[in-house]
Protein chains: 4
Amino acid sequence: MNTAYDITNIALAAEGRRKIEWVSHRMSVLNKLCDRFQGDGVFQGKTVAVSIHLEAKTAYLCLVLKKLGANVWATGSNPFSTKDDVCATLAEEGVNVFAHHGVSAEDHMKEVHSLLLPRPQAVLDDGADICTAMHTRPEYGSRLNGFSEETTTGVLRLRALEQSGTLLFPALTVNNAKSKHLFDNRYGTGQSTWTAVTHLTNMTVGGKKVVILGYGWVGRGVATIAQGMGAHVIITELDPWKALEAHMDGYSVMPIHEAVCCGDIFITATGLERVLRVEHLKEMKSGALIGNAGHSDLETDVPALRSFARSVKEVRDNIFEYQLPNGRSVVLLADGRIVNIAGGSGHPAEILDMSFSLQLASLHYLLRTPKRKPGVYDLPDEIDEMVVREKLVVEGIEIDR
Amino acid sequence: MNTAYDITNIALAAEGRRKIEWVSHRMSVLNKLCDRFQGDGVFQGKTVAVSIHLEAKTAYLCLVLKKLGANVWATGSNPFSTKDDVCATLAEEGVNVFAHHGVSAEDHMKEVHSLLLPRPQAVLDDGADICTAMHTRPEYGSRLNGFSEETTTGVLRLRALEQSGTLLFPALTVNNAKSKHLFDNRYGTGQSTWTAVTHLTNMTVGGKKVVILGYGWVGRGVATIAQGMGAHVIITELDPWKALEAHMDGYSVMPIHEAVCCGDIFITATGLERVLRVEHLKEMKSGALIGNAGHSDLETDVPALRSFARSVKEVRDNIFEYQLPNGRSVVLLADGRIVNIAGGSGHPAEILDMSFSLQLASLHYLLRTPKRKPGVYDLPDEIDEMVVREKLVVEGIEIDR
Amino acid sequence: MNTAYDITNIALAAEGRRKIEWVSHRMSVLNKLCDRFQGDGVFQGKTVAVSIHLEAKTAYLCLVLKKLGANVWATGSNPFSTKDDVCATLAEEGVNVFAHHGVSAEDHMKEVHSLLLPRPQAVLDDGADICTAMHTRPEYGSRLNGFSEETTTGVLRLRALEQSGTLLFPALTVNNAKSKHLFDNRYGTGQSTWTAVTHLTNMTVGGKKVVILGYGWVGRGVATIAQGMGAHVIITELDPWKALEAHMDGYSVMPIHEAVCCGDIFITATGLERVLRVEHLKEMKSGALIGNAGHSDLETDVPALRSFARSVKEVRDNIFEYQLPNGRSVVLLADGRIVNIAGGSGHPAEILDMSFSLQLASLHYLLRTPKRKPGVYDLPDEIDEMVVREKLVVEGIEIDR
Amino acid sequence: MNTAYDITNIALAAEGRRKIEWVSHRMSVLNKLCDRFQGDGVFQGKTVAVSIHLEAKTAYLCLVLKKLGANVWATGSNPFSTKDDVCATLAEEGVNVFAHHGVSAEDHMKEVHSLLLPRPQAVLDDGADICTAMHTRPEYGSRLNGFSEETTTGVLRLRALEQSGTLLFPALTVNNAKSKHLFDNRYGTGQSTWTAVTHLTNMTVGGKKVVILGYGWVGRGVATIAQGMGAHVIITELDPWKALEAHMDGYSVMPIHEAVCCGDIFITATGLERVLRVEHLKEMKSGALIGNAGHSDLETDVPALRSFARSVKEVRDNIFEYQLPNGRSVVLLADGRIVNIAGGSGHPAEILDMSFSLQLASLHYLLRTPKRKPGVYDLPDEIDEMVVREKLVVEGIEIDR
């Protein structure tokens with residue numbers, strides 16, 4: 001069977017292969033599940049569509065699906081996180097891939113729609129992108145057993161559809177599994193955000209006033225590592241209990257309008273949009289740095305900043321300095337996009353190992369069980385527990401039962 | 001109206017008054033709620049029974065109830081935590097108090113029953129002790145609007161009654177409020193456990209192998225402070241997700257039978273009973289220290305140890321060394337009772353300030369709202385939020401809304 | 001030979017014996033050195049005078065000296081740290097002891113002079129107390145091989161005598177040994193200061209603004225543990241490099257006059273006198289707590305505070321509240337004396353194990369080598385290294401060589 | 001006056017200028033000293049030679065020297081750290097620069113010799129490279145006021161020359177200044193090592209066993225941040241006091257031959273050579289990672305590993321995997337070169353700001369004071385203090401005096 005693809009440059013496959021090879025040795029839980037599912041035939045001949053940040057670790061998941069017998073169709077969930085080299089490797093390895101780094105939103109939409117055509121039997125979705133597309137052309141869902149959704153944002157969209165009574169397919173919320181949200185946000189985003197910030201800027205964190213907006217799982221992970229590096233951590237929060245926890249954990253807590261006046265580095269981690277607005281940006285010290293660790297590229301109101309600023313310049317790779325009318329400047333890492341992905345290599349391999357093992361097990365579960373009614377479902381506990389227990393084995397940890 | 005009391009020695013009242021005075025200045029949220037409820041008459045003339053560890057902070061709660069117009073009847077929830085001096089002060093101040101330090105279980109039961117006699121209209125309960133007694137003499141509950149339960153254990157007992165269909169009264173679970181369980185366990189038990197251990201033993205924690213059994217809220221609080229003091233922390237857990245969190249937080253994780261061989265200090269924090277059994281104790285290094293931070297006095301199986309040991313001696317105030325047949329010894333702090341209470345001054349005042357403010361608001365809510373059907377109810381969110389927001393005000397923290 | 005003693009109450013010996021027994025099992029390096037020196041006869045029949053805080057651990061050192069054959073004469077270095085029960089045990093065990101808890105400075109001076117009479121051959125000194133006395137009656141030094149000085153303050157006094165050309169005897173500065181100052185201050189004072197503060201007050205440290213005056217070894221130890229408990233740590237320093245280190249370690253750094261306005265708890269650790277003066281105390285929040293972790297009882301200018309305050313009251317055991325003319329109050333733990341000793345049990349046993357092993361080895365060295373000329377000498381490196389290597393063995397640590 | 005240069009590609013100047021511009025805003029102490037020295041004429045017309053890792057921050061120092069009126073001649077101290085783009089910018093800005101990325105040792109030697117030709121009046125040296133060359137052609141030192149040496153290694157070489165009586169020129173040891181060694185190693189190398197390791201590998205540090213060889217300033221900085229990220233830190237040390245400090249700080253301590261069996265990631269920070277040898281490498285877990293944070297590229301014995309291994313492959317940018325005869329592999333970051341420089345962007349700008357401010361002040365001091373006799377001299381305290389106090393001002397920190 002021929003492979004269909006539309007990518008930037010097939011000649012990049014060797015470099016992509018090297019990157020995938022590296023992560024493949026660090027995704028041990030996924031490898032163990034692959035062994036476990038090897039002989040059961042559940043994926044054999046099934047068509048699986050995958051929409052997710054397309055880099056080495058997700059590419060490896062696609063290759064595992066392919067190895068288990070699936071016909072895999074893949075696109076990226078965000079053109080700016082798509083790596084052209086791993087797309088080339090996927091194409092060469094027989095994955096049908098439609099993705100280019102940096103395409104326009106319109107062109108990306110076409111890529112998403114390409115994944116409907118083979119009438120997939122299971123879909124790994126990110127932000128409910130394919131799901132949304134499928135609802136515009138439900139005839140392509142005729143063979144679909146369900147979606148397996150990766151993100152909080154996607155789950156919110158699915159629940160909105162469910163509540164309005166217009167959800168046409170079942171969906172599993174991998175994001176709600178404990179093996180994902182307890183680890184991914186705190187340890188994955190926490191560490192990789194600081195790798196990206198320090199790598200991009202070559203600046204010291206020790207002694208700096210670091211304002212972290214939001215003290216959820218992401219904010220806590222970011223704060224713990226910042227304190228470990230000697231930062232003076234300031235937290236802003238809406239939730240009074242989380243605010244008090246931050247205070248008892250030894251961090252300064254204050255409202256945003258105070259924090260903006262004293263921070264050297266700002267990390268947004270609220271999950272909301274337009275949290276840092278022009279009214280805040282213009283009060284910051286000149287040269288204040290802003291990095292985003294939340295889901296939305298709009299935790300800082302970048303469009304409004306663009307209108308407000310007199311000029312913008314890429315002052316260092318992937319660092320954008322906005323000159324404000326008041327003579328000061330603010331500096332956006334990765335131009336406000338999620339910094340560990342758009343300005344780094346994304347989550348560490350061992351973290352995505354758990355998330356993607358859940359995804360593999362979730363797709364396996366969708367394909368091996370009878371199709372259920374449209375609705376939003378949590379992953380069964382036994383799958384969640386299977387993944388965490390395999391991880392403990394991989395880490396060499398024995399516990400009592 | 002006369003005050004009824006049965007206590008050890010009324011002459012201790014001056015010393016008790018000094019202790020209560022000290023904590024009264026450190027329980028600012030409770031003082032603010034007292035001001036807020038001052039004029040509303042809800043407690044006026046109402047009979048309120050209180051069963052809780054009777055020391056300075058709980059005594060102050062009783063005095064606040066009295067000041068708001070209630071007839072207060074009090075006993076301790078554990079004879080070994082009862083402080084005779086604050087009981088004397090309570091009696092002198094007009095609280096009806098029936099409590100003696102160190103009485104037998106049988107005599108303590110009589111004290112509990114004394115609190116049924118005035119047919120209380122609201123009850124602050126700890127471990128469902130009064131509730132259990134009331135179910136043996138339900139006629140004394142004729143005026144009762146409900147229980148306000150302080151502990152996890154009490155909530156479990158209440159739910160068991162509810163599920164068996166035999167619960168006769170409504171009960172509010174203060175323990176489930178975020179303002180309690182997010183702070184009390186981690187920051188209160190965490191800190192005060194280490195104060196008690198280091199004060200009782202005069203030993204170094206830095207460099208020691210500290211085994212913490214359980215990585216719930218208490219275990220985390222205990223672990224964080226131990227690491228801050230330079231301990232080498234080892235965690236045991238049954239829950240695989242918590243075990244993996246402990247591992248990712250940098251702690252060693254292992255099963256109990258391995259941990260017992262290498263630990264210098266053991267802190268039990270599982271909420272279960274008989275977690276450390278003779279089979280474990282005899283494998284420990286000679287002189288290993290054991291402290292209990294969990295609810296039950298039986299996290300270590302002390303009765304079995306007593307049978308097994310050749311001898312026991314109080315080698316330092318409140319420290320008991322058991323000589324084992326194998327020639328080694330194990331050392332129990334406070335003889336296995338909860339070490340921060342039985343071997344220290346209990347939770348810090350500022351922590352109980354939040355818990356007891358919830359209790360005051362919970363009793364206030366029970367008395368000002370119509371009596372509900374028997375059942376176990378969570379505290380309304382707005383009460384939980386009122387307390388945490390008052391605490392933020394007290395701490396001088398402003399947050400965004 | 002008869003034992004001479006003048007103590008408070010010989011009947012307290014049993015309680016003292018229990019305390020000494022406890023620490024004797026936790027001073028493993030000292031026990032190993034005792035074994036090592038057992039057969040060499042160096043201490044046999046020699047007269048050794050000891051002036052040091054007289055509690056269980058120092059008492060055990062006296063008993064080890066006695067066991068090795070010395071005639072031991074002992075007094076306390078501070079009447080407020082002297083424990084009458086261990087003095088009783090020492091007397092019963094044949095140590096000549098002249099010490100009472102809480103005697104006047106004048107009476108204490110007589111106790112010190114009692115130790116000159118037997119014409120000691122070696123002296124363990126603290127703050128150069130015996131040395132100073134000996135210089136007033138140098139004829140009692142006729143047999144003296146030298147002093148072994150424990151403290152920084154004592155070393156300063158010895159150097160002053162040396163520089164003025166009036167030092168009459170040789171002295172070894174145990175305090176300068178790495179096995180002492182690298183561990184004693186940071187880990188010993190650090191931990192035991194917080195045990196004392198939290199035990200005395202029953203207050204929370206998490207969320208509190210803790211001002212630490214001085215960022216030397218003591219200040220760093222106190223700061224590390226405070227941060228581990230969730231405190232918001234503020235450092236004051238005169239030395240610009242230490243100030244910058246504190247800043248880079250994530251602490252707030254400010255001058256004293258700013259820190260006094262925002263602190264909840266103050267820990268003095270400067271080694272200087274009158275660092276906190278009335279001008280500072282009156283600017284503090286009402287109820288601010290002050291504990292002293294430095295050598296001098298006068299890091300806070302307590303005499304000036306006594307004159308300035310309208311009244312003072314012991315509001316809880318060993319906690320003194322001073323009412324100021326401006327209507328506020330400040331609260332002194334242990335009335336400004338060093339809080340881990342005067343308000344607690346002093347250094348942990350394992351820490352003094354190292355310091356006292358150095359002392360034992362230092363006295364052994366003085367007695368086995370020819371008397372040297374008057375002067376201040378550092379302990380030979382090989383003794384320092386012997387102690388640290390024995391400690392590594394005791395802790396079960398193997399390292400490369 | 002014409003600029004002499006021999007560089008890779010002058011067309012790279014724009015990119016180099018952008019990088020220098022970025023760091024110039026983050027080197028505030030250097031900018032303040034530049035202002036301070038602006039009018040004094042000390043550098044005017046003087047010839048200054050500079051040999052140091054040639055990247056943006058050092059380039060900016062060269063531009064500051066030029067701005068102050070000096071004729072600057074520059075080369076890199078290590079061809080692998082030389083950035084061709086900043087060399088191009090320097091040439092364009094009138095600095096005489098002789099440096100190419102990646103040239104052979106032989107060609108690099110020629111570059112170093114080029115700096116002798118203008119007969120410099122002051123030299124900023126790294127590893128005593130120019131000093132060594134100058135001793136082979138001392139006639140070029142006819143105008144030389146002295147060297148200002150940056151590194152520990154260079155100081156050792158200078159002292160060897162001094163002791164052998166063959167040192168011909170005076171040299172100032174900037175490395176010994178407190179403003180350098182207290183900050184550079186701990187905060188600079190500590191943070192940038194982890195940025196490099198996590199950026200190069202995209203791996204998790206939390207939960208990993210991280211073996212740090214050496215617990216000096218670098219090792220402590222690396223350990224603190226590793227613990228902050230959730231690593232299980234293991235220390236190896238030769239010095240028994242440092243080993244015990246590591247133990248008391250809560251880290252595991254063991255000899256190298258044990259540590260190699262259990263580590264996941266190894267960071268060398270000993271300052272020695274051939275600490276990790278083939279005998280160790282072959283005992284490691286397959287896939288173990290090794291990064292170097294010490295001065296020498298030979299802390300791991302890479303030449304011996306090359307001979308021993310069956311093959312080596314660059315498995316990811318700047319990561320080299322060696323296949324061993326026993327079937328396992330070890331993975332060298334930056335092939336054993338110092339990982340934060342050869343595999344990252346080097347020290348953060350704010351850290352080098354202090355070091356290079358000391359260098360500027362040191363060169364200024366050499367040129368404004370009479371030439372001294374050959375010898376190795378520490379920087380005067382007042383220069384060290386001037387720099388740290390300017391840094392405090394830059395950070396907005398006020399302290400008592």
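Basis for what follows: all heavy atoms, side chains included, without hydrogens, waters or symmetry-related copies. Throughout, protein chains are lettered first and strands after them, A, B, ... in sequence-line order, and every chain is numbered starting at 1.
Residue I397(A) does not touch chain D at all, counting heavy-atom pairs closer than 4.5 Å. Residue contact with chain A, scored on non-hydrogen atoms closer than 4.5 Å, involves the backbone and the side chain of R316(D) alike. Contacts between E350(A) and chain D at a heavy-atom distance below 4.5 Å involve backbone atoms as well as side-chain atoms. The contact between R18(A) and chain D is made by backbone and side chain atoms together, counting heavy-atom distances below 4.5 Å. With a 4.5 Å cut-off on non-hydrogen atoms, V331(A) touches chain D through its side chain but not through its backbone. If you measure heavy-atom distances from T198(A) to chain D, the contacts under 4.5 Å come from both the backbone and the side chain. Residue K313(A): no heavy atom, backbone or side chain, is found under 4.5 Å from chain D. Interface remark: D317(A) contributes backbone and side-chain atoms alike to the contact with chain D (heavy atom separation under 4.5 Å).
Annotation: maximal heavy-atom pairing with chain D below 4.5 Å, among S345(A), P348(A), A56(A), occurs at P348(A). Ranked by heavy-atom pairs under 4.5 Å with chain A, the first of V23(D), D264(D), V197(D), I225(D) is I225(D). Annotation: maximal heavy-atom pairing with chain D below 4.5 Å, among V205(A), I351(A), T224(A), occurs at V205(A). Contact tally against chain A (heavy-atom pairs below 4.5 Å) for K19(D), H25(D), E15(D), E314(D): the top residue is E314(D). Chain D forms more heavy-atom pairs under 4.5 Å with one residue of Q227(A), K208(A), E21(A) than with any other, namely K208(A). Taking chain A as the reference chain and counting heavy-atom pairs below 4.5 Å, the highest number among T201(D), T195(D), T204(D) is found for T204(D).
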**Message:** The test is side chain to side chain donor-acceptor pair (under 3.5 Å); show your working for E321(A) and S329(A) and say whether it passes.
**Reply:** CA-CA 6 Å; E321(A) 183 162 19; S329(A) 70; 2.6 Å; yes
**Steps toward side chain to side chain donor-acceptor pair (under 3.5 Å) verdict (D353(D), Y60(D))** = CA-CA 10 Å; D353(D) 185 28; Y60(D) 184 60; over 6 Å; no
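Counting only heavy atoms from C-beta outward, the side chains of M284(A) and F266(A) approach each other to under 4.5 Å. Taking 4.5 Å as the limit, some side-chain heavy atom of Y251(D) sits within range of a side-chain heavy atom of Y215(D).
The only option from L333(D), V312(D), V315(D), V330(D) that meets the side-chain contact (heavy atoms from CB on, under 4.5 Å) definition with F320(D) turns out to be V312(D).
Aromatic ring orientation, W217(D) versus H181(D): tilted (interplanar angle from 30° to 60°).
Between I338(A) atom CD1 and T189(A) atom OG1 the span is 6.0 Å, to the nearest 0.5 Å.
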